[in-house]
Enquirer: 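Shown below is the structure under consideration.
Only heavy atoms go into these numbers, but all of them, side chains included; no hydrogens, no water, no symmetry mates. A note on names: the letters A, B, ... follow the listed sequences, proteins ahead of strands, and every chain is numbered from 1.
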2 protein chains.
Amino acid sequence: MLRNTVADKLRKEIDNLTPLEKQLSDVILQNYPVSGLGSITALAEAANVSTPTVARLVQKLGFSGFPDFQRTLREELDETISSPLTKRDKWVHNAPDEHILNSFTKAAIDNIRQFLSDVDPKEFDRACKLLSDENRRVFVVGGRITRTLADYFFLHLQVTRTNVTQIASNSSAWPHYLLEVSKGDVIVVYDVRRYENSMLRLAQMASERKAKVILFTDQWTSPIAKYASVIFRNRISVPSSWDSNITTMLITEALLAKLQEHDWKNTKKRMEDLEVMFDRTKFFRK
Amino acid sequence: MLRNTVADKLRKEIDNLTPLEKQLSDVILQNYPVSGLGSITALAEAANVSTPTVARLVQKLGFSGFPDFQRTLREELDETISSPLTKRDKWVHNAPDEHILNSFTKAAIDNIRQFLSDVDPKEFDRACKLLSDENRRVFVVGGRITRTLADYFFLHLQVTRTNVTQIASNSSAWPHYLLEVSKGDVIVVYDVRRYENSMLRLAQMASERKAKVILFTDQWTSPIAKYASVIFRNRISVPSSWDSNITTMLITEALLAKLQEHDWKNTKKRMEDLEVMFDRTKFFRK
DNA sequence: TTGTTGCTGTAAAGTATTCTTCAGAACGGT
DNA sequence: ACCGTTCTGAAGAATACTTTACAGCAACAA
């Protein structure tokens with residue numbers, strides 16, 4: 001543990017302090033470290049001393065000036081606040097910290113945490129409601145890369161409910177699907193950087209046909225957002241020249257988990273039927 | 001509870017923000033609230049925007065100016081720190097602990113941690129070595145669900161190197177691909193529960209043709225393991241009747257990250273060529 | 001293409017903050 | 001009571017910070 005915080009310094013130096021400086025240091029420690037984050041004037045007033053007294057104290061503690069003192073406080077605070085999860089010393093045994101598995105995973109977990117503090121559970125619940133309503137048809141579509149996630153979503157959603165359509169990745173076929181879209185239907189769009197023009201048009205047209213758009217995008221937000229009823233902005237930066245789709249996967253899976261439990265009886269029936277059919281085609285082994 | 005923190009305001013206003021303002025608000029939320037406690041200049045630099053952009057954002061949020069914004073942050077911080085039970089570990093705002101977003105994510109992060117302490121970095125490095133050797137052809141294949149992950153892997157690998165083939169999901173076409181497989185080639189197989197019979201046969205035959213098998217499977221381990229040179233056993237349990245493929249995605253992305261940096265010059269060239277071709281087809285928008 | 005709108009940064013003006021100097025106050029020792 | 005030392009704050013100089021005005025630019029629509 002780094003035992004060299006500003007507070008420690010203060011306590012250590014306390015015997016070398018003048019009376020008013022002691023009074024001041026008391027105030028600082030009182031609600032540490034917030035009191036030190038305002039202006040020197042505010043701190044001086046709070047402690048009933050003059051600003052030069054504050055300036056002298058911080059110099060006595062070894063800081064070059066009040067700003068230096070403040071910067072140090074902020075850094076401490078940052079350490080304190082940042083999550084214990086990301087600060088785990090070593091995840092992978094026998095691997096140096098800089099092994100890509102470590103750095104990559106740190107970034108991924110950071111993304112997950114960050115994303116989860118951004119996401120609005122109401123938004124999530126709204127998406128569930130739309131997707132579990134069997135009166136609405138559901139269409140699923142994704143871009144060049146995200147198509148794979150759209151497929152993933154489709155493959156599972158298809159099990160929980162009826163009336164799910166996967167829109168082919170070939171955009172020239174899209175008008176045929178749009179023909180099928182009618183008021184109240186739901187179109188699930190995966191669109192992360194780089195945003196595809198054709199996808200924007202598709203969302204626009206679906207929206208014109210009064211369909212509800214559920215959008216999975218990144219923190220920079222696809223332009224489709226303006227047509228969307230529900231938007232999930234996923235964190236996607238990792239130490240790589242590509243983006244990470246882990247948070248997108250996470251929210252997708254969480255949605256599916258919720259949906260399958262929503263009408264569990266129905267889902268269960270469908271899964272059992274599926275099992276029987278798999279058995280009969282002898283496709284899988286135990 | 002008065003949930004009206006600066007962070008909440010930011011999240012609420014996000015739709016009214018300009019692109020650079022979004023970028024800025026990201027940085028603020030990233031290590032909230034510390035990043036907002038420095039000078040406006042420092043914050044601007046951290047977010048790669050100009051100071052007026054910061055000034056405009058805080059005014060948009062309803063503060064009279066940057067100092068006002070900062071004062072509010074300090075007050076919040078004071079509340080947070082002095083309150084006995086810091087609610088910081090709650091990830092999702094306004095949602096009960098049992099909200100599926102919370103429970104699901106906890107499980108997912110547990111999986112990641114668990115998986116990472118299981119995985120052997122040497123195994124990882126060996127996979128990298130095999131996959132970056134351009135003398136070996138690479139074939140990629142996945143099962144009913146994992147096919148989507150195989151696609152994801154293929155789409156990216158295709159950018160870093162030549163000689164990558166995606167094996168069609170229709171197993172009756174597989175013999176044609178096997179014809180192409182020769183000694184030293186690499187076949188990447190995604191096979192998690194329920195293990196598919198046909199996939200086992202495919203791996204077996206590939207192995208008989210002296211190909212190296214890289215296997216992504218789950219902790220219960222696909223029978224393909226006995227033919228595999230490299231095995232990644234992913235943790236896949238989550239509170240859902242389906243399995244989670246987040247760790248599989250993670251290791252896949254980490255591998256790709258490593259591969260793209262392995263021969264970065266080559267990768268870069270290929271990516272640039274790709275960009276040019278995308279531009280010429282005007283497929284994407286900025 | 002052209003005009004319009006909205007986004008953004010430069011630069012300069014305006015404002016607040018920090019630091020230094022210096023003089024007066026307090027205290028202890030003689 | 002006197003002197004020397006130490007402590008303290010007022011005031012202004014120096015510095016840093018924040019805001020505003022304006023012009024360039026890009027995106028979009030006509």
Enquirer: Rounding to an integer number of Å, can you tell me how far R71(A) CZ sits from dA16(D) C1'?
Expert: 15 Å
Enquirer: Whole angstroms only, please: what is the CG-C1' distance between L24(A) and dC7(D)?
Expert: 14 Å
Enquirer: Quickly work out the E45(A) CD to dA16(C) C1' distance and round it to whole Å.
Expert: 13 Å
Enquirer: Check this one for me: any side-chain N or O of Q59(B) less than 4.0 Å away from OP1 or OP2 of dT20(D)?
Expert: yes
Enquirer: Would you please indicate yes or no on a ring centroid separation below 6.0 angstrom for F104(B) and H99(B)?
Expert: no
Enquirer: Measure CG/L43(B) against C1'/dA16(D) and give the value in whole Å, please.
Expert: 16 Å
Enquirer: On a heavy-atom basis, which atom in L256(B) and which in W242(A) lie closest, and how many Å separate them?
Expert: O-CZ3, 3.7 Å
Enquirer: Test: side-chain hydrogen bond (donor to acceptor under 3.5 Å, both in side chains). Region: residues 36-50 of chain A. Which pairs qualify, not counting sequence neighbours?
Expert: S50(A)-T53(A)
Enquirer: Is the shortest side-chain N/O distance from Q70(B) to OP1 or OP2 of dC17(D) below 4.0 Å?
Expert: no
Enquirer: Return each pair, listed once, that meets salt bridge (charged side-chain N to carboxylate O under 4.0 Å, His left out) where at least one residue sits in residues 211-223 of chain A; pairs must be two or more places apart or across chains.
Expert: none
Enquirer: Can you tell me the distance, in whole Å, between the CD1 atom of I40(A) and the C1' atom of dT20(C)?
Expert: 12 Å
Enquirer: Rounded to the Å, how far apart are K60(A) NZ and dT6(D) C1'?
Expert: 10 Å
Enquirer: Distance-only, no hydrogens or angles: does the R126(A) side chain make a donor-acceptor pair with backbone N or O of V230(A) under 3.5 Å?
Expert: no
Enquirer: In whole angstrom, what separates F63(B)'s CZ from dT19(D)'s P?
Expert: 12 Å
Enquirer: Provide a list of protein-nucleic acid N or O atom pairs under 3.5 angstrom, restricted to nucleotides 8-10 of chain D.
Expert:
| unit_1 | atom_1 | unit_2 | atom_2 | d |
| --- | --- | --- | --- | --- |
| dT8(D) | OP1 | L20(A) | N | 3.0 |
| dT8(D) | OP2 | T18(A) | OG1 | 2.4 |
| dG9(D) | OP2 | S50(A) | N | 3.2 |
| dG9(D) | OP2 | S50(A) | OG | 3.0 |
| dG9(D) | OP2 | T53(A) | OG1 | 2.9 |
| dG9(D) | N7 | R56(A) | NH2 | 3.4 |
| dG9(D) | O6 | R56(A) | NH1 | 3.4 |

Enquirer: Using whole Å, what does the distance between atom P of nucleotide dT8(C) and atom NZ of K22(B) come to?
Expert: 10 Å
Enquirer: Would a distance-only check, ignoring hydrogens and angles, find a side-chain to backbone donor-acceptor pair under 3.5 Å from R147(A) to S169(A)?
Expert: no
